[in-house]
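All figures in this text were calculated on a predicted structure; none of them were measured in a lab. Chain naming here is simple, since letters A, B, ... match the order of the sequence lines and numbering starts at 1 in each. All heavy atoms count here, side chains included; hydrogens, waters and symmetry mates do not.
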Amino acid sequence: MLHKLNQPQQAAVRHLDGPLLVLAGAGSGKTRVITQKIAYLIEQANYDARHIAAITFTNKAAREMQERVGHLMDPARLKGLTVSTFHSLGLQLVRAEHAALGYKPRFSILDSADAVKIISDILATTDKDEIRGAVSTISRLKNDFVSPDAALVNAQDDNELRFARVYRAYQDTLFAYQAVDFDDLIRLPVELFEREPDILTKWQLKLRYLLIDEYQDTNVCQYRLIKQLTGFHGKFTAVGDDDQSIYAWRGASVDNLRLLKEDFPSLEIIKLEQNYRSTSRILKAANTVIGNNPKLFEKKLWSELGIGDPISVVEMKDEEHEAEMVAMRLLAHKFENRTTFTDYAILYRGNHQARVLESHLRNHKIPYQISGGQSFFDKAEIKDVLGYLRLIANQNDDPAFIRAVTTPKRGVGNVTLEKLGGLAAERKVSLFEAVHLPSFETLVQAAQYEALQTFCGFINRIHSRASREPGGALLREMLTAIDFETWLYESDEPRPAETKWKNVLELVAWFDKRAEENGDTLIDMTQKIALITLLEGRSEDEVDAVRLSTLHASKGLEYGHVFLVGCEEGVLPHQASIDSGMVEEERRLMYVGITRAQRSLTITYCGKRKRAGEWSIVQPSRFLLELPQDEIRVSGRLAGERNVVVSRQEGKAKLANLLAGLGSKPEA
DNA sequence: TGGGAATTCGTTTTT
DNA sequence: CGAATTCCCA
């Protein structure tokens with residue numbers, strides 16, 4: 001079964017005795033190694049599938065892995081195999097151990113919007129920078145496994161002390177809501193395992209072999225979890241690539257790669273350097289660019305797929321022209337090479353860059369699909385429905401209460417809610433409970449009191465049925481009862497209302513499907529949903545469409561022909577990263593972008609760009625100068641509106657000159 | 001209280 | 001320039 005693997009891949013699969021780190025370059029077949037290793041563990045090493053866990057970062061990666069293992073061996077022998085994201089594993093742990101953690105079985109999972117709202121309430125401010133700072137500081141503390149108390153004790157200055165207090169208050173609020181946030185899903189199990197060795201032992205016996213995908217993206221907390229679960233045996237395989245570490249801003253610690261060596265002296269390291277994806281020109285470009293970063297492990301990608309086309313670097317006047325050019329070139333290329341739309345991807349640094357591209361693609365009738373950006377579960381109408389479900393599952397969930405009680409409008413507004421909130425805070429109960437307090441009746445007008453009683457009664461009635469009856473049907477009944485469809489059409493134009501209602505129906509259908517497949521009840525589903533960001537079961541790959549994606553969301557994917565747009569100083573590398581000295585991570589982002597391409601790569605940048613309605617002159621990205629200059633073809637206004645091949649002789653200096661001269665050029 | 005109108009505000013990336 | 005929030009009146 002190992003014959004389809006190259007030497008280092010085979011070695012990685014066979015190594016079972018101790019901890020293993022696989023340094024897998026882009027396109028070097030890391031998923032193949034992980035899936036084959038799962039099969040190997042079961043078929044050759046007599047592991048029971050239920051003792052193996054493969055951990056990924058995205059649901060998509062988990063799904064793909066599950067599917068690929070399924071093709072490799074008899075699904076019957078895979079029964080009980082854990083293939084999940086860090087966060088769903090965390091959810092599984094928190095659910096199983098809710099009692100030891102002091103949580104009700106039906107706690108809520110708050111999304112980041114809820115977290116932001118809670119933190120701005122605590123800060124009592126509307127200052128966006130302040131809120132943003134607090135949110136990221138708290139998240140960073142959590143990811144670094146610092147408890148609120150530790151943060152209070154360790155605070156070095158007034159500012160840190162302030163953040164620590166906000167952190168403390170935030171955590172208390174979450175507990176009062178019986179809610180956890182994303183970071184808690186990892187942090188709480190780690191905390192518990194540290195406190196209760198018996199519980200840890202139980203889970204160590206359950207998960208005896210761990211395979212971790214995208215190891216370079218793990219944060220301090222996640223690393224601790226891995227260390228706890230694998231214990232001193234260190235039975236795990238970590239697969240990662242330091243050059244593709246692009247989530248430091250989210251707490252990912254590349255240092256975990258170094259720590260692995262330190263904490264597990266018997267660590268075996270295997271490098272995968274043969275690339276099965278790209279032409280050697282593309283790999284040369286990737287290697288050269290990333291060569292400008294300091295290295296923890298030396299690594300050089302190579303392939304046997306031929307030289308390939310030169311890399312195009314195109315300068316455009318502004319983003320409109322850039323989008324138009326991409327659309328035109330794409331169509332021409334497709335016609336010439338008889339390819340399909342799915343062979344193309346357009347990659348960019350920030351989500352907002354997609355808008356211009358979208359409109360030009362639409363003009364040319366080019367079908368496209370956007371990955372990244374707003375997910376299905378972030379849409380207002382879906383969050384409305386989920387608000388109801390969260391409240392049904394957990395009546396202490398105040399954010400859900402507010403959302404549900406005001407959507408659709410039922411005669412309860414801000415004034416009433418503020419009174420209710422005041423009473424709830426005073427008595428230290430949830431909003432839902434406060435409605436039933438005798439003193440509440442005297443606080444508000446009869447009509448509002450009546451409306452709230454009716455509302456709570458309604459939620460209670462659904463609640464009593466939610467853990468018994470099938471999800472879809474009950475959800476449908478609830479939507480009818482609250483006249484959700486009517487409300488959508490009343491509060492919007494017919495067309496968007498129709499789209500929204502369709503989305504809701506899709507959610508219902510999804511509940512039906514999950515109930516059928518996994519026997520999940522309405523309650524089960526409600527908890528899991530917060531973790532699902534990508535559309536499941538939607539024909540992502542079936543439709544023939546060009547992919548639009550952020551560089552971040554493109555990691556792990558590959559496309560025949562890639563357009564990498566907006567390669568300008570301030571965009572890629574992003575200004576905030578330049579300012580905070582994080583250019584190395586931006587370079588890795590560039591590296592990720594380049595290595596998505598299999599056969600052709602077109603890089604574009606603009607001379608000027610509209611920012612907040614204002615035009616500003618921009619400079620080409622420094623990364624363009626880092627490309628191997630004899631492998632690229634420069635065209636556009638810069639080269640006098642005609643293609644110019646920059647030869648080896650002309651060299652780097654000439655291109656540097658051309659690029660540098662651009663910014664000082666007078667406007668055409 | 002709720003919905004439309006005016007005004008302000010601002011752009012990184014996401015489990 | 002477009003979105004989201006605040007404002008204001010029925």
Side-chain angles (χ1 to χ4, degrees), chain A residues 55-62 84-91 109-113 115 120 126-129 132 135-136 139 142-143 180-187 214 217-219 221-222 245-252 319-320 347-356 359 371-375 377-378 380 405-418 444-445 447-448 451 487 490-492 528 530-534 549-555 566 570-580 582 585-586 588-590 592-593 609-616:
Chain A
I55 321 281
T56 64
F57 274 86
T58 65
N59 292 294
K60 199 173 171 186
S84 75
T85 65
F86 264 103
H87 293 269
S88 14
L89 176 67
L91 173 59
I109 299 171
L110 296 187
D111 62 33
S112 27
S120 21
T126 51
D127 185 318
K128 288 229 160 145
D129 288 337
R132 189 191 267 244
V135 169
S136 68
S139 179
K142 287 186 162 194
N143 289 331
V180 300
D181 63 15
F182 288 141
D183 301 328
D184 283 339
L185 289 174
I186 318 291
R187 194 182 61 91
E214 306 279 13
D217 289 340
T218 53
N219 60 38
C221 239
Q222 287 160 337
S245 160
I246 55 174
Y247 286 105
W249 52 273
R250 199 173 74 186
E319 56 218 312
E320 295 281 336
L347 308 180
Y348 38 82
R349 175 67 233 260
N351 280 308
H352 61 277
Q353 292 175 265
R355 191 170 300 130
V356 199
S359 88
S371 52
Q374 201 196 24
S375 95
F377 293 98
D378 284 335
V405 82
T406 53
T407 328
K409 304 286 186 246
R410 46 167 59 77
V412 177
N414 285 336
V415 177
T416 310
L417 282 177
E418 246 154 60
V444 295
Q445 291 176 16
Q448 275 70 41
W487 176 77
E490 278 170 0
S491 51
D492 216 330
K528 291 180 190 169
L531 297 179
I532 295 160
T533 50
L534 284 165
S549 167
T550 61
L551 287 165
H552 282 91
S554 76
K555 188 158 68 127
V571 178
L572 179 66
H574 193 272
Q575 191 58 47
S577 303
I578 298 173
D579 294 344
S580 55
M582 308 270 289
E585 178 148 317
E586 298 289 305
R588 292 193 286 269
L589 218 36
M590 180 83 187
V592 166
R609 184 170 287 275
K610 226 188 302 194
R611 273 192 68 193
E614 292 285 313
W615 286 105
S616 63

For DNA chain B, whose closest nucleotide is more 5', that of D183(A) or that of K610(A)?
->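 On the 5' side of the pair lies K610(A).
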When the distance from [atom1] of [X] to [atom2] of [N] is rounded to whole Å, what number comes out?
X: K555(A); N: dT13(B); atom1: NZ; atom2: C1'; value: 12 Å
X: R588(A); N: dT13(B); atom1: CZ; atom2: P; value: 18 Å
X: L551(A); N: dT14(B); atom1: CG; atom2: P; value: 10 Å
X: E320(A); N: dC1(C); atom1: CD; atom2: C1'; value: 11 Å
X: R355(A); N: dG10(B); atom1: CZ; atom2: P; value: 17 Å
X: R132(A); N: dT13(B); atom1: CZ; atom2: P; value: 9 Å
X: D217(A); N: dT14(B); atom1: CG; atom2: C1'; value: 11 Å
X: F86(A); N: dT14(B); atom1: CZ; atom2: C1'; value: 16 Å

Which nucleotide, [options], lies nearest any side-chain atom of [X]?
X: T58(A); options: dT11(B), dT15(B), dT1(B); value: dT15(B)
X: H574(A); options: dT14(B), dT15(B), dT11(B); value: dT11(B)
X: W249(A); options: dT11(B), dT14(B), dT15(B); value: dT14(B)

Are N351(A) and dT11(B) close enough that a side-chain N or O sits under 4.0 Å from OP1 or OP2?
->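 No, N351(A) has no side-chain N/O under 4.0 Å of OP1/OP2 on dT11(B).
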N or O in side chain of T550(A) less than 4.0 angstrom from dT14(B) OP1/OP2 |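 For dT14(B), OP1/OP2 do have a side-chain N/O of T550(A) under 4.0 Å.
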Mind checking what makes ring-ring contact (aromatic ring centres under 6.0 Å, His included) contact with F86(A), not counting sequence neighbours?
-> F57(A)
So, does S139(A) use its side chain to make a donor-acceptor pair with the main chain of S136(A) at under 3.5 Å?
-> no
Check: L91(A) and I109(A) side chains under 4.5 Å, non-hydrogen atoms = yes
Please test W249(A) against H574(A) for ring-ring contact (aromatic ring centres under 6.0 Å, His included), starting from the C-alpha separation and ending with a verdict.
-> CA-CA 13 Å; W249(A) 52 273; H574(A) 193 272; over 10 Å; no
Using the six-membered ring for Trp and the full ring for Phe, Tyr or His, decide whether Y247(A) stacks on the six-membered base ring of dT14(B) (centres under 5.5 Å, planes under 30°).
->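 Stacking between Y247(A) and dT14(B): absent.
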NZ of K555(A) to OG of S245(A): how many Å apart, nearest 0.5 Å?
->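 These two atoms lie 7.5 Å from each other.
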